[in-house]
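In what follows, a single structure is set out as structure tokens and then discussed.
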Amino acid sequence: MPELPEVETVKREISPYVKGKIIRDVKIIDARVIKGISPREFKKKLTGDTILNVERRAKYLSFKLKSGKYLVIHLGMTGRLLFSPDKYVKVIFKLSGNKTLYYSDLRLFGKVKLYNHYPILKLGPEPLSKEFTPRLLKELLSKRKTNIKSLLLDQRFLSGLGNIYASESLFCAGIDPRRKANTLKDYEIKNLNREIKKVLTKALAHKGTSFSWFVDAEGKKGGFQLKLMVYRKEGKPCPRCKTPIKRIIQSNRGTYYCPRCQK
DNA sequence: ACCTAAACCTGGGCGC
DNA sequence: TGCGCCCAGGTTTAGG
């Protein structure tokens, strides 16, 4: 489900409601989502602690706790943080002020983990940060021989992009997803850098993309699925030149692109 | 060091 | 209705 814009949307929605709240109780419905420690330990360590704030890094949400610990949640493909339960609730956090936060996850690719200290995650730069410049992108690309699409999905290279926004950014930049990373020209790198920022910013303004799974904490869908150019549009006309959109497989993931517009 | 394929799960949608 | 297949917003691993 969730890439940077979706995770950021969840963060913005839940922050005001969970900040300053005490975790009164933790109920674990399915222990498979809890990583690193036993469900008993998890519940014991968390109960009574206070949530100071919520941050997003890449596709991770981290809850900073008063004790100095960090509760880190990755939504995987179908993870949700909700204020009302759905069919697939796996963990229940009872908070002070009569608020309950539900972690729901159909496919169980998500992760809930408790760190004793600030988590060190092996992640590339944030695409919406000032640090992510054409110059930095050029530097990162220069060492890599793999295709540009797969590289954009690699979180150690650049963090926050997923399958939707990788395809969309490459379309907007007019770059063929099969191109070897180190063969991109300077002007293409500049375009790609700009389009990544543009696509993510726009998606964020629409509160993310919702096909079937993504909803925010209030259960509301995003709106960016109406703005997609190529993603999941195989056979449909390219919005720019009307050539049918193609779907290919790269690193076991579907890639959508226009064979005419993307060189 | 770098790259790819498969594994982890459950469900929706389609053709027959 | 049902079966079998393909598809799905992600990450980690095993192996070349």
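These figures come from a predicted structure and were not determined experimentally.
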Quiz item: Which residues pass the side chain to side chain contact (heavy atoms under 4.5 Å, CB included) test with A:K185, sequence neighbours left out?
Solution: A:Y187, A:E188
Practice problem: Quickly work out the A:E234 CD to B:dC14 P distance and round it to whole Å. | Solution: 14 Å
Practice problem: Indicate whether the side chain of A:K198 and that of A:N193 have a donor and an acceptor atom separated by less than 3.5 Å. | Solution: no
Practice problem: Would you kindly give the NZ-to-C1' distance between A:K87 and B:dT10, to the nearest whole Å? | Solution: 10 Å
Self-check item: Rounded P spacing from C:dT13 to B:dC9 in Å
Solution: 14 Å
Quiz item: Got a salt bridge between A:K27 and A:D25, using NZ or NE/NH1/NH2 to carboxylate O under 4.0 Å?
Solution: yes
Quiz item: So if you build clusters from Ile, Leu, Val, Met, Phe, Trp, Tyr with side-chain heavy-atom gaps below 4.5 Å, do A:I175 and A:L153 land together?
Solution: no
Practice problem: Check whether A:Y257 and A:L151 end up in the same hydrophobic cluster, where Ile, Leu, Val, Met, Phe, Trp and Tyr are linked by side-chain heavy atoms less than 4.5 Å apart. | Solution: no
Quiz item: In whole angstrom, what separates A:F157's CZ from B:dC2's P?
Solution: 12 Å
Taking N or O atoms only and anything under 3.5 Å, show me the protein contacts with nucleotides 7-9 of chain B, one pair per line.
from  : atom 1 : to     : atom 2 : distance (Å)
B:dC9 : O2     : A:R107 : NE     : 2.9
B:dC9 : N3     : A:R107 : NH2    : 3.3

At a cut-off of 3.5 Å, list every protein nitrogen or oxygen paired with a nitrogen or oxygen from nucleotides 11-14 of chain C, distance to 0.1 Å.
from   : atom 1 : to     : atom 2 : distance (Å)
C:dT11 : OP1    : A:H74  : NE2    : 2.8
C:dT11 : OP2    : A:K59  : NZ     : 3.0
C:dT11 : O3'    : A:K111 : NZ     : 3.2
C:dT12 : OP1    : A:K111 : NZ     : 3.4

Quiz item: Whom does B:dC9 pair with, Watson-Crick or G-U wobble, provided both distances fall under 3.5 Å?
Solution: none
Quiz item: C:dC7 phosphate, OP1 or OP2: any side-chain N/O from A:Y256 under 4.0 angstrom?
Solution: no
Quiz item: Out of A:R179, A:K180, A:R178, which residue meets the salt bridge (charged side-chain N to carboxylate O under 4.0 Å, His left out) rule with A:D176?
Solution: A:R178
Quiz item: CD of A:Q250 versus C1' of B:dA6: gap in Å, rounded?
Solution: 18 Å
Quiz prompt | Heavy atoms of other groups near A:K21 NZ, more than 12 under 6.0 Å | solution = yes
Quiz item: Rounded to the nearest Å, what distance is computed from the OH atom of residue A:Y88 to the C1' atom of nucleotide C:dA8?
Solution: 14 Å
Quiz item: For the pair made of CD1 in A:I248 and P in B:dT4, what is the distance, rounded to whole Å?
Solution: 12 Å
Self-check item: Exam field: side chain A:E3 to backbone A:Y165, donor-acceptor pair closer than 3.5 Å
Solution: yes
Quiz item: Roughly, in whole Å, what's the span from CZ in A:R178 to P in B:dC3?
Solution: 18 Å
Practice problem: Determine whether the aromatic ring centres of A:Y118 and A:Y70 lie less than 6.0 Å apart. | Solution: yes
Quiz item: According to the Watson-Crick and G-U wobble definitions, with both distances under 3.5 Å, which nucleotide is paired to B:dA1?
Solution: none
Self-check item: Spacing between A:R144 atom CZ and B:dA1 atom P, to the nearest angstrom
Solution: 11 Å
Quiz item: How would you label the contact of A:R247 with the nucleic acid (heavy atoms, under 4.0 Å): base, sugar-phosphate, or nothing?
Solution: sugar-phosphate
